[in-house]
Participant: 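One structure coming up, written as structure tokens, with questions to follow.
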Amino acid sequence: MSSETKERREKRYGKLVIFKILRYDPDKDQKPYYKTYKFTLERGMTVLDGVMHIKENQDSSLSYRKSCRMGICGSCAMFINGLPLLSCQTQIVELDSDVIVVRPLPNFPIIRDLVPDLDTLFKKLLEIKPYIIRSDVDEMDRPSGEFAQTPEELERYIQFSYCIKCGACVAACPTVSTDDKFVGPQAAAQAYRYIVDTRDDGFKSRLGSLDKKHGVWRCHFPGACSEACPKGVDPAFAIQLLKRGIIARRYGLKKPHKPASLAVQPEGVKPRPDIPKAPEPTVG
Ligand code: SF4
């Protein structure tokens with residue numbers, strides 16, 4: 001940050017900041033409208049702090065969602081000055097504007113004020129079966145131990161498992177805005193997360209949600225989802241990898257991944273040499 005920017009931001013503390021917040025109560029209002037609030041900007045205030053300040057001091061009818069206030073739960077994502085952001089992670093001073101416009105996430109219906117209805121996000125997520133699917137159903141239902149993976153096998157999906165279901169990627173997606181049936185970046189990234197997991201054998205059973213008219217082929221790779229993601233999940237990359245995986249399967253080019261094996265092998269079965277030995281348990 002340049003010293004000029006730092007100085008400009010310093011000067012804003014103790015001055016008035018204007019919040020224009022989209023208000024909508026479906027029981028009272030015919031359509032959403034903006035209401036303006038003003039308050040003094042204190043050092044360290046995030047957009048969520050600003051919204052909470054307004055609720056506590058100026059307008060107790062304002063509705064919004066929040067929980068952890070530390071960028072983990074994903075519930076406070078809002079559309080702030082034209083970008084889908086976690087409001088708890090967005091410093092007001094860093095927006096470099098005296099007017100902060102706050103709306104609920106686009107591409108979702110509004111329940112009330114800043115609260116989006118995320119039903120479609122979770123329905124699409126459920127459709128791709130976001131859990132380990134195994135062909136040995138007995139092991140899935142009654143696990144007999146832990147499955148071992150190499151660090152490289154873990155690397156293939158760990159980034160995609162950081163998703164906190166905030167919905168920012170879906171709000172940023174231009175395809176969702178014109179096709180609400182599109183599987184969407186969040187669900188697609190989670191499909192990829194499980195498909196490349198060596199413990200999983202569910203690619204085929206997820207294809208119905210991915211390789212279809214409103215599936216991954218609708219993505220034209222604008223990349224807005226990855227830009228918006230506060231956790232670095234990179235859903236746009238996951239979608240391109242899914243497309244590659246689907247084509248490879250279609251033309252018989254896909255080699256099945258080495259299946260994960262139980263960390264504690266049944267007697268007589270040799271453990272895979274490429275899997276490091278698990279450390280001894282630290283508690284009895
Ligand atoms: S992929 Fe990123 S932006 Fe999308 S829901 Fe998950 S954490 Fe949020």
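Every number for a ligand or one of its atoms is a count from 1 in the order of the listing.
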Participant: Taking atom types as modelled, is there a side-chain donor on S61 or R23 under 3.5 Å from an acceptor on the other?
Facilitator: yes
Participant: Answer with yes or no whether the side chains of R218 and T175 bring together a donor and an acceptor at under 3.5 Å.
Facilitator: no
Participant: P230 heavy atoms, cut-off 4.0 Å: which ligand 1 atoms fall inside?
Facilitator: 3 (S)
Participant: Please examine the side chains of I246 and W217, heavy atoms only from C-beta on, and report whether any two atoms are closer than 4.5 Å.
Facilitator: yes
Participant: Mind listing the protein N/O/S atoms less than 2.8 Å away from atom 4 (Fe) of ligand 1? Waters don't count.
Facilitator: C169 SG
Participant: Are L241 and Y194 connected into the same hydrophobic cluster when the rule is that any two of I, L, V, M, F, W, Y join if their side-chain heavy atoms are below 4.5 Å apart?
Facilitator: no
Participant: Return yes if a side-chain donor-acceptor contact under 3.5 Å exists between S226 and D234, otherwise no.
Facilitator: yes
Participant: With clusters defined by side-chain heavy atoms of hydrophobic residues (ILVMFWY) lying less than 4.5 Å apart, directly or transitively, does I164 cluster with V170?
Facilitator: no
Participant: Within the structure, is a non-hydrogen atom of A77 found at a distance of less than 4.0 Å from ligand 1?
Facilitator: no
Participant: Looking only at side chains, do S144 and E139 share a donor and an acceptor under 3.5 Å apart?
Facilitator: yes
